[in-house]
Amino acid sequence: MLRFEDILEKVESYHPGLDVDLLRRAYVVSAHEHRNQLRSSGEPYLVHPLAVAMTLAEMKLDDASIAAGLLHDVLEDTTVSKERLAGLFGADVAHLVDGVTKIGKYAFTSREAQQAETFRKMLLAMTGDLRVILVKLADRLHNMRTLEHVPEPKQRATASETMEIYAPLANRLGMGKMKGELEDLSFRFLHPEEFTALRAAVDERIAVSAANVEKIRQELVAKTKAMGIEAEITGRVKRYWSIRQKLIRQAIPLEQLYDVLAFRVLVDAVPDCYTVLGIVHQAWRPVPGRIKDYIAMPKRNFYQSLHTTLVPEGAPPFEVQIRTREMDLIAENGIAAHWKYKEGKLVRTDARHEEHVGVLRQILETTKDVSDPREFLSSLRIDLYPDDVYTFSPKGAVYAFPRGATPVDFAYRVHTDVGHHCVGARVNGRLVPLKTPLANGDIVEILTAPASQPSRDWLSFALTSRARNKIRAFIHTGEKEKSIEIGRRLLERELKKWKKSLVKLLEARAFDPLFADFGAGKVDDLIADVGYGKITPRALVARLLPETASEAVPPPPSKVSAISSVVRRVLPFGAAAGIRVKGENDLLATLARCCQPVPGDDIVGYVTRGRGVSVHATTCPNVRSLLFDPSREIPVEWEAAKGASVTVGLEIHTEDRQGMLAHITRVLSAANSNIRSIEARTSRDGNATIEASVTTPDRRHLERLLVSLRALPGVTDVRRKLRDSDAEVG
Ligand code: MN
């Protein structure tokens, strides 16, 4: 049985200055707390924490991690609390043990297992400290090594979780040795017959070629030596699980698998790797397409090596893996191999790691300036996926989003219809605005209403391209319908001058020959283009009825342009009299309903799809959210007043007294303002709010009006009303 002293010895061999006292105390507490417990094997429970601590010592981790290994099951299986652990061993150890305990509590149902990658990421993001994962992996490794002692259903469940979650996690962290052993152990319990058969077949094949293997190895040794390269060469059999995966992937029997047998050549320096590659290619014929340079192009988990497959005369092919000793250390031990103790300090082994992108870079950057080993490792708080946020549906499905995503993104991820009809969201049980950014671990419930529709406003906070595209598509469809309607009215009006009926022309498919000329695919596109203002109705009719082209068009009845008079009828909110779009006299211009600018206000135009130019006050908050698309901004200016007037909303706060409404209407009519609507509400506290919609020719007039209203006795406040409707935006 493994003794505590073995662990101490191991740790002292690489880290002489370690906190022996901490480890000893951890051992004593663990031994005491687990004293009456047994493993399924019948052994004392203490065997397990000792084995876990030993694995961590082999990974050369710090004393806090090894202490956590000794104590990793006390929170779960004994009466010791996290507070007591913190009191005895410090917050660091308590945090690690708590993290390991938490991971153990996740139940991986089959549905969740399908999202294994998400879960792996989530575990990392939520535990926040890489050492928690390393302790958990060491724990799992020993449980897998002793899995034969537990009942069969538990074997399968544990093995499948290991295969789904922990082996890929070890792989992600570049821990090749851990990953390989976890996979082979899982394989054995998940597919017992297949495992036994494959192991027998592989062993037999190796036995047959044993002499040959040694011959090739000797040749490799001789050839590298002749070139003056100090190389360590081992022949080895690949892992059973990886052989099985290859056989399935390539759909071949074992006899045809090239690289059951692999030689590993370890050298001191990178140039030696390439020299050795040259040597073996001279000695044996390489299989084309099977030379892989993972030194120049490391794998995502930083694995580096050269691979090549060779075909000797009259013998089965074999693979050669060539790498430096340091690359090998990293390939075997992964993330834990990037540090070593030097004069009692934990330091990075190689400056080249700075070049590594992704995971390690983030770790290294956050820990760059730390020299004390304990501080160094405890600052190894990993946000391995710092930009991702993991959220849950109320039923426990996991959804990962980029940081900054909102309930709208969540709704569209669940289903397009959920997005389209989303009206609100509960996060962790509380109602929140739809633009609230989601945080790690949030449980998100989307509220929907069948009649509700996406709002253009959502585009200012929806983050994922999926949500944005769906919202845009929805709005675009709606706008197209509106444009078709406007286009039809414009065309009807133009055709009426020539005593033609649009309906009849459409029935006769009279527009079809014109599609190509106007770049339209079908008649709706053509009519929508008229509605958008891309094609003038005159141009279209002139082409449709060539006899009309040369004839003088009857002049419009007044100075108001034909378009704006039509638009005034078509658009519910009326055309903007007295506004000119600079340099674009034909464009439809409408005053935004949200801010209702009046002549004299600073204004800015936005080119909408289907509604011409929408004119906002520059102070309008909606217009600022539109700046995401500056190409649609267009300068507009007020034209000299021509007796036109615009409608503006007012909100008048008053005391609730007799005749208030009458006083207000009198002031309004004295100012020559027409009242479009007026409505009063009283509240219990004796105040009233009067909402009025009135006309005004310009800003100066409006300001005078506001002054007169404010001067009325009983009036407490008067404001221009900003609508919250976003119907106008865009
Ligand atoms: Mn355990």
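Atoms within a ligand are numbered from 1 in the order they appear, just like the ligands themselves.
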Check whether the side chains of [X] and [Y] place a donor and an acceptor atom closer than 3.5 Å, and report yes or no.
X: His48; Y: His34; value: no
X: Tyr240; Y: Asp203; value: yes
X: Thr464; Y: Arg413; value: no
X: Thr101; Y: Asp98; value: no

query: Is there a side-chain contact between Gln37 and Asp77, using heavy atoms and a 4.5 Å cut-off?
result: yes
- prompt: Under 2.8 Å from the Mn ion (ligand 1), protein N/O/S atom count?
  reply: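 Protein N, O or S neighbours of the Mn ion (ligand 1) under 2.8 Å, waters not counted, come to 4.
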message: I'd like to know if Lys154 and Glu161 make a salt bridge, using a cut-off of under 4.0 Å between side-chain N and carboxylate O.
response: no
